[in-house]
Amino acid sequence: MMMSFVENLDSLALRKSELVHRFEELIVPKSDQELEAMAQNSRALTLQNFGRTMRLFAPLYLSNECINNCRYCGFSRDNPILRITLDLDEVVAEARHLARQGFRQILLVAGEHPKFVGPEYLAGCIRALQPDFSSISIEVGPMTTQDYVPIVDAGADGLVVYQETYSRAVYAEMHTAGPKRDFNFRLNCAERGYRAGFRRLGIGVLFGLSRWQEEAIGLAAHLEYLLKHCWQSQISVSLPRLRPAAGGFRPLFSITDRELAQLLCALRITFPQVGIVLSTRERASFRDFLIPLGVTTMSAGSHTEPGGYTRQGSQRLHRTLRGRIVAPDFQSGEDQLATGQFEISDERSPAEIAGVLRQRGLEPVWKDWDQALSGV
């Protein structure tokens with residue numbers, strides 16, 4: 001029988017597990033004293049399960065082509081942005097720049113467009129990068145298990161897919177065209193990746209699309225399900241908040257710094273061994289504040305545009321206008337670089353981030369030693 005979280009989510013309002021009920025109690029409003037007690041508990045559990053280490057990784061954007069219309073995303077197909085898909089040599093040049101900065105863990109990111117970014121293209125990129133990176137993950141449009149197999153065989157060990165929102169109604173409103181409209185296919189993506197052999201699975205919610213407490217409950221239930229059914233993989237969770245992007249989408253909902261810190265602690269207390277990822281979407285001072293509360297993995301020095309590290313592919317830029325490719329027609333003074341998915345907030349270099357971690361008694365981990373030692 002095929003495993004699926006879809007049925008669990010659809011009945012979640014009526015049948016929450018004891019674990020999800022306990023999590024729900026942790027995300028109701030707390031006094032300063034209660035929140036500090038949660039923070040202390042979260043710190044202790046993080047040290048107990050992960051030690052004084054912080055995994056560092058970098059995203060490498062391969063393409064900003066996309067066939068979906070997502071109201072909140074800079075890559076949305078109707079946005080007349082500067083687009084490019086890097087060729088293999090350009091991907092290698094970008095990756096080598098990251099390797100020179102110390103990274104040995106990399107996340108390959110792309111918009112969803114099978115014509116440009118399919119299994120063969122991804123497998124080729126992974127084979128070319130594998131000698132320099134101990135861990136290669138992908139964050140691309142959802143695929144079938146069959147399509148994931150050659151990507152795993154090429155050397156990818158991690159799959160990241162955010163549901164964006166666990167509300168079917170909000171999801172339908174936000175995704176107006178393209179295959180991403182299929183809520184269930186996206187929701188089951190991690191399970192298909194597990195069957196294909198990925199040993200790391202990452203999920204997350206894009207906070208700002210719906211009430212954060214409701215999203216968090218869906219996320220907690222999903223985590224509980226994956227820990228039970230995909231137990232041979234390492235599970236991680238990301239908590240991104242919406243950032244400004246092309247298209248000018250303005251979120252109707254928000255989650256404050258205090259609420260995000262509380263949510264992070266609630267997740268750590270409920271799921272002591274789950275990795276928690278913190279991206280450069282958050283400003284530097286707030287990232288530094290969150291570090292000891294339960295974060296186990298951080299990105300650093302990120303660019304969210306293809307070719308952003310070394311300006312690869314700038315000679316082949318084009319625009320899309322309602323799905324049609326048109327000439328770039330640059331504006332006066334415009335930087336001739338592909339458009340990013342969103343604006344980052346923490347612009348510190350990887351070396352600066354590593355320095356902050358050491359000052360706080362944490363050891364930056366650039367390499368996936370588990371995989372290197374196991375020879376996987």
Side-chain angles (χ1 to χ4, degrees), residues 46 50-62 91-92 94-110 122 125-126 128-140 151-152 154-162 190 193 198-204 233-240 243 264 274-282 284 287-288 290-291 294-306 308-310 340-342 344-358 362-373 376:
T46 305
F50 295 91
R52 295 186 178 276
T53 62
M54 182 72 69
R55 295 181 74 221
L56 293 177
F57 78 98
L60 197 169
Y61 277 71
L62 305 173
V91 171
V92 170
E94 287 273 282
R96 284 179 177 165
H97 169 82
L98 293 171
R100 286 193 295 271
Q101 291 186 308
F103 291 108
R104 295 297 180 269
Q105 303 179 76
I106 197 168
L107 173 67
L108 304 182
V109 189
L122 289 166
C125 291
I126 291 159
L129 302 184
Q130 196 184 28
D132 294 323
F133 294 91
S134 63
S135 175
I136 301 175
S137 298
I138 62 167
E139 184 181 347
V140 300
I151 295 170
V152 173
D157 68 321
L159 174 66
V160 176
V161 58
Y162 302 158
F198 284 107
R199 69 185 198 92
R200 299 184 194 277
L201 301 173
I203 62 171
S233 288
Q234 297 176 17
I235 311 295
S236 65
V237 61
S238 300
L239 310 173
R243 291 282 299 152
L264 193 154
V274 162
I276 298 179
V277 182
L278 185 62
S279 82
T280 53
R281 289 174 180 263
E282 301 297 340
R287 291 227 300 171
D288 292 350
L290 292 177
I291 283 170
V295 178
T296 59
T297 303
M298 296 175 68
S299 56
S302 303
H303 280 268
T304 71
E305 67 277 11
Y309 297 107
T310 61
Q341 188 177 24
F342 56 86
I344 67 166
S345 186
D346 185 351
E347 297 184 343
R348 292 174 295 181
S349 70
E352 289 175 296
I353 297 289
V356 168
L357 292 172
R358 291 191 183 98
L362 295 172
E363 182 60 31
V365 177
W366 302 90
K367 183 171 185 175
D368 178 6
W369 289 104
D370 286 346
Q371 182 162 341
L373 290 171
V376 174

For E352, which residues count as a side chain to side chain donor-acceptor pair (under 3.5 Å) partner, sequence neighbours excluded?
S349
E139 meets the side chain to side chain donor-acceptor pair (under 3.5 Å) criterion, sequence neighbours left out, with none
Just how far is it from atom CG of L264 to atom CD1 of I291, taken to the nearest 0.5 Å?
11.5 Å
E94 side chain to T310 side chain, donor-acceptor N/O pair below 3.5 angstrom:
yes
Using the side chain to side chain donor-acceptor pair (under 3.5 Å) criterion, which residues pair with T46? Sequence neighbours excluded.
R268
What is the minimum heavy-atom distance between M54 and L362, and which atoms define it?
CE-CD1, 4.2 Å
Reported CG-to-CZ distance for the pair L108 and F133, which is rounded to 0.5 angstrom:
8.5 Å
Shortest non-hydrogen pair, G301 vs Y309, comes out as O-CE2, 3.2 Å
What's the shortest heavy-atom distance between L62 and A110, and which atoms?
CB-CB, 4.4 Å
Nearest heavy atoms of V92 and L129, plus distance in Å:
CA-CD2, 4.1 Å
Contacts of T304 meeting side-chain contact (heavy atoms from CB on, under 4.5 Å) (sequence neighbours excluded), chain-then-number -> Y61, Q341, F342, I344
Atom OG of S134 and atom CD of Q105: how far apart are they, to the nearest 0.5 Å?
5.0 Å
Got a sec, which residues hit side chain to side chain donor-acceptor pair (under 3.5 Å) with R348, two or more places apart in sequence or on another chain?
D288, D346
Minimum heavy-atom separation for A300 and I353, please, with both atom names.
CB-CG1, 3.8 Å
Going from CG on L357 to CE on M298, what distance comes out if it is rounded to the nearest 0.5 angstrom?
5.5 Å
The ring-ring contact (aromatic ring centres under 6.0 Å, His included) partners of F50 (sequence neighbours excluded) come to none
Can you name the closest pair of heavy atoms from A190 and I203 and give their distance?
CB-CG2, 4.4 Å
Residues in side-chain contact (heavy atoms from CB on, under 4.5 Å) with S345, at least two apart?
R243, R283
Apply the test side chain to side chain contact (heavy atoms under 4.5 Å, CB included) to residues T280 and R287: give CA-CA distance (whole Å), side-chain angles for both, the deciding distance (0.1 Å), then the verdict.
CA-CA 8 Å; T280 53; R287 291 227 300 171; 3.7 Å; yes
About how many Å separate CD of E363 and CG of L56, when rounded to the nearest 0.5 Å?
9.5 Å
With side chain to side chain contact (heavy atoms under 4.5 Å, CB included) as the criterion, how do I126 and I138 come out once you've worked through the C-alpha distance, each side chain's angles and the decisive distance to 0.1 Å?
CA-CA 9 Å; I126 291 159; I138 62 167; 4.2 Å; yes
Answer yes or no: is there a donor N or O on one side and an acceptor on the other, between the side chain of S233 and the main chain of F198, under 3.5 Å?
yes
Roughly how far, to the nearest 0.5 Å, is the OG atom of S135 from the CD atom of Q130?
10.5 Å
Let me have the donor-acceptor pairs involving side chains of residues 95-103, under 3.5 Å, with sequence neighbours excluded, atom names and distances please.
none

Are the side chain of S137 and the backbone N or O of L107 linked by a donor-acceptor pair below 3.5 Å?
no
Quick one: does any side-chain atom of S279 pair with a main-chain N or O of R281 as donor and acceptor, under 3.5 Å?
yes
